[in-house]
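To keep things clear, I will list the structure first and then write my remarks on it.
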Amino acid sequence: MRPALIIAAIFAATLVQASAAETVVGVAAPLSGPSALLGEQLRTGADAAARASGIRLEIADDSCTAEGGANAARTFAAARVAVVTGFLCTEAIEAALPILKEAGIAVIATGVRTNSLIDRRGKTGWPVVRFSPRADDEVEAASAILGKAWRDELFAIVDDGTIYSRELAEGLRISFEQSGLKAAFIDTLRPQLDNQIGLAGRLRKSGATHVFAAADRPDVAILTRDAAEIGYKVTIAGGEVLRAPSEGVDLAPGTLMVGLPEWADIADPAVVTRLRDQKIEPEGYVLPAYASVEIAAQAAKAAAANGSDVLSALGNQEFSTIFGPVGFDEKGDRTDNPYRLYRYDGGAFIEVDQQ
């Protein structure tokens, strides 16, 4: 055989081996339907991370539906991906997981917060961990942060009557009471009113100097305005919904928020700059998707090196991401709580140093 042909044969064999060893990560994103904009953010972030990590993606549209989730799972099983990331909707991932379990494929859920997804893992055997926070991480963080700061204060808790707000307010009340703290006043505000003078007066009469308001930004803004108008000096805090755009009356400077960070503010600046240089705005799910793919790539490579399965690899180490180290507990939730305390300065929420 001629030397040139031998070299060509060796080169071809090397390419085949490299292809066989290539890490393929599945990405489930709602690329059609009402959540398509968020799905495009997810795909964009995953694409950028794949280029940086030297892996290949298998992308499937889950449509944020059960049918779409099952179809995406079958696509990933046929492609024999090493691990799957993505999923923003509970219906899609719950339909996908039985299929992925059968195929032996682990999942890193990027955006599904539903507690039961992980809490049922012991019964379902679903091979899933979660990058996104739990649904109850917000109340856990609010309880830990405000419980410490308000231990010697008279405080009140109000909510706007919606399911989300009632659960947040009730969860906070229970957690406070378990720590020996009792609210001086509990009430429900009527949302979307032009004024909250009545509520402000009741709060002042209760003697509360601090209030947690589980309500939307416009209602909290009106409450802070009306409290000031009657000369009521009070510190008001709320949940992550306060990060919504301002509508009419703005929040008063000094309003507190327990919420998730703006991802671009805590990500590796070099990556954020590189994305913007590529005309990619790191908004929404772009950076969480990027980090999820980073974790997937590292877990797949660790599993291959150790001869273990990817799910085991996900639970046995911390992973280096654009947000710093991320690890998962024995259930599959993140070991850290990403919620933080912020103070409104009249234009933006600035993180409060908790040290």
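Sequential numbering from 1 along the given sequence is applied to the chain's residues.
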- Query: Between Trp263 and Tyr285, is the gap from one ring center to the other below 6.0 Å?
  - Reply: no
- Nearest 0.5 Å please: distance from the CD1 atom of Ile236 over to the CG atom of Leu203. 7.5 Å
- Taking 4.0 angstrom as the limit, do Arg340 and Asp353 come out as a salt bridge? no
- Task: For the residue pair Thr85 and Ser292, confirm or rule out a side-chain donor-acceptor distance under 3.5 Å.
- Result: no
- Query: Is there side-chain contact between Arg225 and Asn195, with heavy atoms separated by less than 4.5 Å?
  - Reply: yes
- Check whether Ile157 and Leu189 end up in the same hydrophobic cluster, where Ile, Leu, Val, Met, Phe, Trp and Tyr are linked by side-chain heavy atoms less than 4.5 Å apart. no
- Non-hydrogen side-chain atoms of Pro30 and Asp62 separated by less than 4.5 Å: yes
- Message: Just so I know, are the side chains of Leu97 and Thr124 near enough to count as touching, which here means a heavy-atom distance under 4.5 Å?
- Response: no
- Heavy-atom pair of closest approach, residues Glu240 and Glu138: N-OE2, 2.9 Å
- For the pair Phe212 and Leu256, evaluate side chain to side chain contact (heavy atoms under 4.5 Å, CB included) and give the outcome as yes or no after the intermediate values. CA-CA 9 Å; Phe212 185 87; Leu256 300 175; over 6 Å; no
- Task: Look at the side-chain heavy atoms of Ile, Leu, Val, Met, Phe, Trp and Tyr, link any pair under 4.5 Å apart, and say whether Val271 and Val326 land in one connected group.
- Result: yes
- Message: Please determine whether residues Tyr290 and Val112 belong to a single hydrophobic cluster, defined as Ile, Leu, Val, Met, Phe, Trp and Tyr linked transitively by side-chain heavy-atom distances below 4.5 Å.
- Response: no
- Could you walk me through whether Glu229 and Ile197 pass the side chain to side chain contact (heavy atoms under 4.5 Å, CB included) test, one step at a time? CA-CA 9 Å; Glu229 286 185 357; Ile197 288 287; 4.3 Å; yes
- Between the CZ atom in Arg74 and the CG atom in Leu100, the distance rounded to the nearest 0.5 Å is 10.5 Å
- Does Arg334 count as lying over the ring of Phe131, i.e. NZ or CZ under 6.0 Å from the six-ring centre, within 45 degrees of the axis? yes
- Taking Ser175 for its side chain and Gly171 for its backbone only, find out whether a donor-acceptor pair lies under 3.5 Å. no
- Task: Determine the minimum heavy-atom distance between Ala109 and Ile93, stating which atoms define it.
- Result: CB-CD1, 3.8 Å
- Can you run down the salt bridge (charged side-chain N to carboxylate O under 4.0 Å, His left out) pairs that involve residues 175-189, sequence neighbours left out, and say none if there aren't any? Arg173-Glu177, Glu177-Lys182, Asp187-Arg202
- Under a 4.5 Å cut-off applied to non-hydrogen side-chain atoms, are Pro98 and Trp126 in contact? yes
- Item | Leu260 vs Tyr339 side-chain heavy atoms within contact, under 4.5 Å | yes
- Distance, nearest 0.5 Å, that separates CG of Leu275 from CD1 of Ile322: 7.5 Å
- Relative to each other, are the rings of Tyr344 and Phe349 parallel, tilted or perpendicular (30° and 60° limits)? tilted
- Message: Let's go through Arg343 and Ile350 carefully: what are the C-alpha distance in whole Å and the side-chain angles of both, what is the deciding distance for side chain to side chain contact (heavy atoms under 4.5 Å, CB included) to 0.1 Å, and is it a yes or a no?
- Response: CA-CA 5 Å; Arg343 179 178 287 109; Ile350 307 301; 5.6 Å; no
- Side-chain heavy atoms of Leu311 within contact of Arg121, under 4.5 Å: yes
- Query: Only one of Phe185, Phe155, Trp150 forms a ring pair (Phe, Tyr, Trp, His ring centres under 6.0 Å) with His210, so which one is it?
  - Reply: Trp150
- Any idea which heavy atoms bring Leu31 and Asp61 closest together, and the distance? N-OD1, 2.8 Å
- Item | Under 3.5 Å donor-acceptor, Gln298 side chain and Ser320 backbone | yes
- Short side-chain to backbone donor-acceptor contact, Thr65 and Gly68, under 3.5 Å: yes
- Message: Using a 3.5 Å distance criterion without hydrogens, assess whether the side chain of Glu22 forms a donor-acceptor pair with backbone atoms of Gly54.
- Response: no
- Query: What pairs meet the disulfide bond (SG atoms under 2.5 Å apart) rule with one or both residues in residues 199-287, with sequence neighbours excluded?
  - Reply: none
- Is a side-chain donor or acceptor of Glu40 paired with a backbone partner of Ala36 at a separation under 3.5 angstrom? no
- Query: So if you build clusters from Ile, Leu, Val, Met, Phe, Trp, Tyr with side-chain heavy-atom gaps below 4.5 Å, do Val129 and Val25 land together?
  - Reply: yes
- Item | Enclosure of Asp194 CG (heavy-atom neighbours >12, cutoff 6.0 Å) | no
- Ser53 side chain to Ile55 backbone, donor-acceptor under 3.5 Å: no
- Message: Quick one, Val211 and Tyr232 - any side-chain contact, counting heavy atoms below 4.5 Å?
- Response: yes
- Query: Roughly how far apart are Ile222 CD1 and Leu199 CG, rounded to 0.5 Å?
  - Reply: 11.5 Å
- Message: Starting from Val128, can I reach Phe76 by hopping between I/L/V/M/F/W/Y residues whose side chains sit under 4.5 Å apart?
- Response: yes
- Query: Got a second to check how far Arg217's CZ is from Thr224's OG1, nearest 0.5 Å?
  - Reply: 10.0 Å
- Item | Derivation of the salt bridge (Lys or Arg N to Asp or Glu O under 4.0 Å) call for Asp137 and Arg113 | CA-CA 9 Å; Asp137 274 354; Arg113 299 191 186 186; over 6 Å; no
- Query: Within the distance-only criterion (no hydrogens, no angle test), does the side chain of Thr321 pair as donor or acceptor with the backbone N or O of Phe323 below 3.5 angstrom?
  - Reply: yes
- Flag, side chain of Asp268 to backbone of Ala270, donor-acceptor distance under 3.5 Å: yes
- Query: Are any of the side-chain nitrogens in Arg134 or Asp136 under 4.0 Å away from the carboxylate oxygens of its partner?
  - Reply: yes
- Message: Distance check, rounded to the nearest 0.5 Å: Leu117 atom CG versus Asp333 atom CG?
- Response: 8.5 Å
- Message: Set out, in order, the CA-CA distance, both residues' side-chain angles and the distance that settles side chain to side chain contact (heavy atoms under 4.5 Å, CB included) for Phe328 and Ile295, then state yes or no.
- Response: CA-CA 11 Å; Phe328 304 99; Ile295 294 169; 4.0 Å; yes
- Message: Please give me the minimum heavy-atom distance between Gln192 and Asp219, naming the atom from each residue.
- Response: N-OD1, 2.8 Å
- Query: Which heavy-atom pair separates Val249 from Ser246 by the least distance, and what is that distance?
  - Reply: O-OG, 3.9 Å
- Message: So does Ala252 get a backbone contact from the side chain of Thr255, meaning a donor-acceptor N/O pair under 3.5 Å?
- Response: yes
- How about Leu181 and Arg151: do any of their side-chain heavy atoms sit closer than 4.5 Å? yes
- Item | Asn115 to Ala135 - nearest heavy-atom pair and separation | OD1-N, 3.1 Å
